[in-house]
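As structure tokens, the structure follows; a few thoughts come after it.
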Amino acid sequence: MKQPLRQKDSRVKHTRSIEAYEEAKRVIPGGVDSPVRAFGSVGGTPPFIDRGEGGYLVDIDGNRYVDYVQSWGPLIFGHCDPTVEAAVIETARKGLSFGAPTLLETELAEEIVELFDSIDKIRFVNSGTEAVMSAIRLARGYTGRDDIVKFKGCYHGHSDSLLVEAGSGAVTFGSPNSPGVPADFAKHTLLADYNDIKSVEACFLASDDIACVVIEPIAGNMGLVPAEESFLKDLRELCDRHGALLIFDEVMSGFRASLLGAQGIVDVVPDLVTLGKVIGGGMPVGAFGGRADIMAMLSPEGPVYQAGTLSGNPVAMAAGLTQIRQLKADVALYEVLQMRAQRLVDGLKAAAEEHDIPLQVDVRGSMFGFFFNENPVKNFDDALKSDTERFAHFHGAMLDRGFYFACSQFETGFICTRTTEVMIDETIRNAHEVLGAM
């Protein structure tokens, strides 16, 4: 891959980050604690962040960026929201962790259960990976079946059963795409194509032992690719016909696409839902919930075991509870966020068209995505046809101008309530210049 387009003073601007990255690589594999942070698909050195300020990030070199990542989604009110910050500080003063029940867990659970028709009971965990892993275990325990169906391009965390890729042929059981994942684990995962119900039907023909179908109803990990409502309805009917559970992974889209995530946009009710990001207000958290009869299978009520020493951490619960209550008190903010996200991608698309560069864009609430692609993106195969080299050039040049986008063509962007019209105008103006130079 060619190196991204950079300003001549790029190494000067990021001197301390370059030094910090080299130091980190001596003690941390790849210098990062999550692979995408290494900027492997866009080149250059990742800025090391010192602090967040509303809609901005500031790195250790003092560079200030308009932040379109917002910690990959949770900061819907931006960095250092004073109400969330105050709740975290007040709770932390009482103790960081107890490994025992607190009232905050019940309060946050009640707020979520009240909102979602699909959730009667909920359990908190520490990450989205843990939430989906636990929901799948519960589905297997409830149905007494072993196989699962997932979709190419949907990411549900790094648990063994989900780190699989498709083989050759129309229908296939998964094979591991990471060393360390036993083939015996991955063989229970069947792969289907997103927005293609026939590929799911083929999975059910290949196995009569399917416990569940797990899907991001608004995919955020192949770029922003929403599922068509008709596809989700067909998926619901197919699961019902075969006695399998339908799991919506809304770790990313929950409270982001709308107050109810995808379930506030499409008329489809899943059996289990996984949540994260926003319900932690920036603290590490995840959750899974669903119908009472399914959740009753979970230990200590039932035989399906799941545990976590720090699950329901009081500081995380306080942050999430404060943020959810703010969202419920001002539902109209979603319309404002969607309008601003739409204005941003419309501006990017117009700039690209002016310079004869194909760009596909989409928005769901405060989530947005864009692909350097000739055609609309409906699934992972479509996404893979995007021009990743062009994206890398765009990303690097915009970063040097002070605009922090997700560091992969296959990630989703986010705005927050602190993302202003002025920020968006400046982003579009700079994008015109960058795309023109490309």
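Residue numbers start at 1 and run along the sequence shown.
Side chains of Asn126 and Val285 form no contact here, defined as non-hydrogen atoms less than 4.5 Å apart. Between Asn221 and Glu216, the closest side-chain pair of non-hydrogen atoms falls below 4.5 Å. Residues Leu138 and Leu245 fail the side-chain proximity criterion, which asks for heavy atoms closer than 4.5 Å. The closest side-chain heavy-atom distance from Lys150 to Val213 is not below 4.5 Å. Taking the side chain as every heavy atom from C-beta outward, Leu327 and Tyr334 approach each other to under 4.5 Å. Counting heavy atoms from C-beta outward, Val251 and Leu275 have side chains that stay 4.5 Å or more apart. Side-chain atoms of Phe151 and Asn195, non-hydrogen and from C-beta on, never get closer than 4.5 Å to each other. Two residues are said to be in side-chain contact when any heavy atoms from C-beta on lie closer than 4.5 Å; Thr322 and Gln326 meet this criterion.
Taking a 6.0 Å sphere around NE2 of His432, one finds it holds more than 12 heavy atoms contributed by other residues, nucleotides or ligands. For Lys385, the NZ atom counts as loosely surrounded, since its 6.0 Å shell holds 12 or fewer non-hydrogen atoms of other residues, nucleotides or ligands. For Lys378, the NZ atom sits in a loose shell: 12 or fewer heavy atoms of surrounding residues, nucleotides or ligands are nearer than 6.0 Å.
Checked against the 6.0 Å centroid threshold, Phe414 and Tyr68 do not count as a close aromatic pair. Checked against the 6.0 Å centroid threshold, Phe410 and Tyr155 do not count as a close aromatic pair. Less than 6.0 angstrom separates the ring centroid of Phe394 from the ring centroid of Phe370. Between His14 and Tyr21, a ring centre-to-centre spacing not shorter than 6.0 Å is recorded. Under the 6.0 Å cut-off for aromatic ring centres, Phe204 and His242 qualify, their centroids lying closer than that.
Side chain to side chain, Ser386 and Asn373 meet the donor-acceptor criterion of an N or O pair below 3.5 Å. Using modelled atom types, one finds a donor on one side chain and an acceptor on the other under 3.5 Å when comparing His156 with Asp249. Using modelled atom types, one finds no donor on one side chain facing an acceptor on the other under 3.5 Å when comparing Gln263 with Asp117. Side-chain atoms of Arg137 and Gln306 include no donor-acceptor pair closer than 3.5 Å. A donor and an acceptor atom, one from each side chain of Gln360 and Asn375, are nowhere located under 3.5 Å apart.
For the atom pair CD of Glu201 and CG of Leu235, the computed distance is 10.0 Å after rounding to the nearest 0.5 Å. From Ile415, atom CD1 reaches atom CE of Met367 across 12.0 Å, with rounding to the nearest 0.5 Å. Here the CG-CD distance, from Leu232 to Glu228, works out to 9.0 Å after rounding to the nearest 0.5 Å. Residue Glu389 holds its CD atom at 9.0 Å from CE of Met438, rounded to the nearest 0.5 Å. Note that CZ of Arg123 is 4.0 Å distant from CG of Leu298, once rounded to the nearest 0.5 Å. Rounded to the nearest 0.5 Å, atoms NE2 (His79) and CD (Glu53) are 9.5 Å apart.
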* Let me see the working for Arg325 and Glu107 under salt bridge (charged side-chain N to carboxylate O under 4.0 Å, His left out), right down to the final yes or no. => CA-CA 10 Å; Arg325 283 176 172 167; Glu107 289 180 41; 3.3 Å; yes
* Asked: Could you go step by step and tell me if Arg291 and Tyr142 meet the side-chain hydrogen bond (donor to acceptor under 3.5 Å, both in side chains) rule?
  -> CA-CA 11 Å; Arg291 293 200 326 254; Tyr142 180 81; 3.2 Å; yes
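Among all heavy-atom pairs drawn from Val331 and Lys328, the shortest one is CG2-O, 3.7 Å. Here the shortest heavy-atom pairing between Val278 and Arg256 reads CG2-CG, 3.9 Å. Contact record, Phe368 with Ala341: CB-CB, 4.5 Å, taken as the closest heavy-atom pair. Contact record, Ala206 with Leu190: CB-CD2, 4.3 Å, taken as the closest heavy-atom pair. The shortest non-hydrogen separation linking Asp362 to Val345 is O-CG1, 4.3 Å. Tyr56 and Met423 make their closest contact through CE1-CE, 3.0 Å (heavy atoms, listed as atom of the first residue, atom of the second, distance).
Evaluated for a ring pair (Phe, Tyr, Trp, His ring centres under 6.0 Å) with Phe116, the options Phe248, Phe255, Phe288 yield exactly one hit, Phe255.
Here Asp193 pairs with Lys152 in a salt bridge; the nearest charged N to carboxylate O distance falls below 4.0 Å. In summary, Lys233 and Glu229 engage in a salt bridge, as defined by a charged side-chain N under 4.0 Å from a carboxylate O.
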